[in-house]
Amino acid sequence: MLKAAIPGCEQLEKTGESAFAATVKLKIGPVSARFKGDVELSEMAPPHSCLLSGKGSGGIAGFAKGSARVELVAQEGGTRLTYVADAALGGKLASLGSRLIQSSANKLAQEFFTSFSAALNGVDEKTE
């Protein structure tokens, strides 16, 4: 489910109880790169919250790391998912400008949580 939700995820392999090795291909502005890195779920308080963090290297494109604090709150008719995300970039990616980086980070976070929500609800986005 996590692999399907991560934008551009090509491979996700479990390496520990709540840790994964990932390969993700992303295009941020004019820079396209394949990142190899780690994804970890921590500070878990099921079924209320967790911290999802990741870091990876894209070779000459640079590096990326980020996290999202995820909160789940039961409400009538379902569950409300909220998150606060933070990201940092270095190398060639960092030279793209903060406005483009912020826009790309927001778009990727939205894609992830839309896909994750659809997977939790058993919806195939491709047929919707």
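All residue numbers in this chain count up from 1 along the given sequence. Bear in mind the structure is a predicted one, so any value in this text is a computation, not a measurement.
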Counting only pairs under 3.5 Å, give me each side-chain donor-acceptor contact of residues 39-61, with atom names and distances, residues two or more places apart or in other chains.
residue	atom	partner	partner atom	Å
E43	OE1	R69	NH1	3.3
E43	OE1	R69	NH2	2.4
S57	OG	G59	N	3.4

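With hydrogens and angles left out, the side-chain atoms of Q75 and T79 include no donor and acceptor closer than 3.5 Å.
Side-chain contact check for K107 versus F112: every heavy-atom pair is 4.5 Å or farther apart. Side-chain contact between F116 and I6 is absent, with no heavy-atom pair separated by less than 4.5 Å.
Side-chain heavy atoms closer than 4.5 Å link hydrophobic residues (I, L, V, M, F, W, Y) into clusters, and following such links, even through other members, never connects F63 to V24. Taking hydrophobic clusters as Ile, Leu, Val, Met, Phe, Trp and Tyr residues chained together by side-chain heavy-atom distances below 4.5 Å, L108 does not share a cluster with V84.
Between the side chain of S117 and the backbone N or O of F113 there is no donor-acceptor pair closer than 3.5 Å.
For the atom pair NZ of K65 and CG of D86, the computed distance is 9.0 Å after rounding to the nearest 0.5 Å.
The list of side-chain hydrogen bond (donor to acceptor under 3.5 Å, both in side chains) pairs with a residue in residues 2-29, not counting sequence neighbours, reads E10-R34.
With sequence neighbours excluded, no residue forms a ring-ring contact (aromatic ring centres under 6.0 Å, His included) with F20.
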